[in-house]
Chemist: 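Okay, here's the structure, questions in a sec.
Predicted, not measured: the structure shown is a model, and the values here were computed from it. In what follows, every chain begins at residue 1, and chains take the letters A, B, ... in the order their sequences are listed. Side chains are part of it too, since the values below use all heavy atoms of this structure and drop only hydrogens, waters and symmetry mates.
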There are 2 protein chains.
Amino acid sequence: MGVTKTTHFTDKQNAIATLAKALGHPARVAIVEYLLKVDACICGDIVNELPLAQPTVSQHLKELKNAGLIQGEVEGNTICYCLNEKAFAEIQAFFTNISGSLELKKNNCC
Amino acid sequence: MGVTKTTHFTDKQNAIATLAKALGHPARVAIVEYLLKVDACICGDIVNELPLAQPTVSQHLKELKNAGLIQGEVEGNTICYCLNEKAFAEIQAFFTNISGSLELKKNNCC
DNA sequence: AAGTGATATTGCAATATTACGATAAAGAAA
DNA sequence: TTTCTTTATCGTAATATTGCAATATCACTT
């Protein structure tokens, strides 16, 4: 098939999966790290930073935007993308919660 | 193509992407949440918890294991899988770092 | 040894993802 | 207006993912 049965899971599970999936590619991790490093969000040289062709980078940016991890618009001949604090806070909370529970639990069975 | 150009990215970027990708499916998020909820790691009823057929669940478990998010073995006729604290700590640190930086930066351009 | 219960593997069909060349679109600069 | 620069979209090829039926495996029981 290749189609995900999203309807059978909770909204939160699907939301986390969407965010995680968007970061499930090293190029998109690299884009996020680059946007974090660059102070201003006027950053038209993401393509030069990555070992990928321009259409491929554009496609990865689109996926990050669809997932809600980045936001921004094209302004003239420079893009203005930046990270969406809210989305990162959401996924950060998910992992912090898990790590916190695991630390408490001290599961030493495996 | 469909093949990811992992060689052009840093080890850390690939590592994060691998972990994120493994959680890029609601079923695998559900499995992780279930393993977190269940105290003991003797949990042979993951299949009953999910709206998926047994081979599909087995495949998702395999992917989580390959990514290093869960660990464990089959023992007799019950599986013993549990979450790998180290892997979750790694991805949690990644997101905590990003959220922390974003909060400091107060990027209000987009 | 044969049966039972639980998980893994195989094989396959449907769909999704990744990557890029070619091309389009749209503002900036001449 | 024409040209340049930058980003998006289209089309396409190669590969990956998802899901499940059928079957295999493996430990335990009888």
Chemist: What is the distance, to the nearest angstrom, from the CD atom on B:Q59 to the C1' atom on D:dC20?
Modeler: 9 Å
Chemist: Starting from the 5' end of DNA chain C, give me the residue, A:P55 or A:A27, whose nearest nucleotide shows up first.
Modeler: A:A27
Chemist: Going by the rule side-chain contact (heavy atoms from CB on, under 4.5 Å), which residues pair with B:T96 if we only count those two or more places apart in sequence or in a different chain?
Modeler: A:Q92, A:T96, B:Q92
Chemist: Taking only side-chain N and O atoms of A:K21, does any of them lie within less than 4.0 angstrom of OP1 or OP2 on C:dT17?
Modeler: yes
Chemist: Restricting to pairs with a member in residues 7-16 of chain B, which pass salt bridge (Lys or Arg N to Asp or Glu O under 4.0 Å), not counting sequence neighbours?
Modeler: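 Pairs touching residues 7-16 of chain B that pass the test: none.
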Chemist: Specify the separation, in whole Å, of atom CG of A:L64 and atom C1' of C:dT18.
Modeler: 14 Å
Chemist: Figure out the OH/P separation between B:Y81 and C:dA6, and round it to whole Å.
Modeler: 16 Å
Chemist: Between C:dA22 atom P and A:Q54 atom CD, what is the distance in whole Å?
Modeler: 14 Å
Chemist: Using the test side chain to side chain donor-acceptor pair (under 3.5 Å), find all partners of B:T10 that sit at least two apart in sequence or belong to another chain.
Modeler: B:Q13
Chemist: According to ring pair (Phe, Tyr, Trp, His ring centres under 6.0 Å), who are the partners of B:F95, at least two apart in sequence or on a separate chain?
Modeler: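 B:F95: ring pair (Phe, Tyr, Trp, His ring centres under 6.0 Å) contacts with A:F95.
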Chemist: Can you check nucleotides 4-6 of chain D for protein contacts, nitrogen or oxygen pairs under 3.5 Å, and list what you find?
Modeler:
residue	atom	partner	partner atom	Å
D:dT6	O3'	A:N77	O	2.9

Chemist: Could you check B:N84 against B:I70 for side-chain contact (heavy atoms from CB on, under 4.5 Å), going step by step and ending with a plain yes or no?
Modeler: CA-CA 5 Å; B:N84 179 7; B:I70 65 175; over 6 Å; no
Chemist: Round to the nearest Å and state the distance from A:H25 atom NE2 to C:dT17 atom P.
Modeler: 12 Å
Chemist: With side chain to side chain donor-acceptor pair (under 3.5 Å) as the rule and sequence neighbours excluded, what pairs involving residues 15-32 of chain B come up?
Modeler: B:R28-B:H60, B:R28-B:E63
Chemist: Less than 4.5 Å apart, side chain to side chain, heavy atoms only: is that true for A:L36 and A:F88?
Modeler: no
Chemist: From NE2 of B:H60 over to P of C:dT7, roughly how many Å is that when rounded to an integer?
Modeler: 16 Å
Chemist: Mind calculating the distance between NZ (B:K65) and C1' (C:dA8) to the nearest angstrom?
Modeler: 11 Å
Chemist: Just the rounded figure in Å: distance from C1' of D:dT18 to CD1 of B:I31.
Modeler: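 B:I31 atom CD1 is separated from D:dT18 atom C1' by 13 Å.
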Chemist: Can you check whether A:T56 has a side-chain N or O nearer than 4.0 Å to OP1 or OP2 of C:dA19?
Modeler: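 So the side-chain polar atoms of A:T56 never come under 4.0 Å of the phosphate oxygens OP1 or OP2 of C:dA19.
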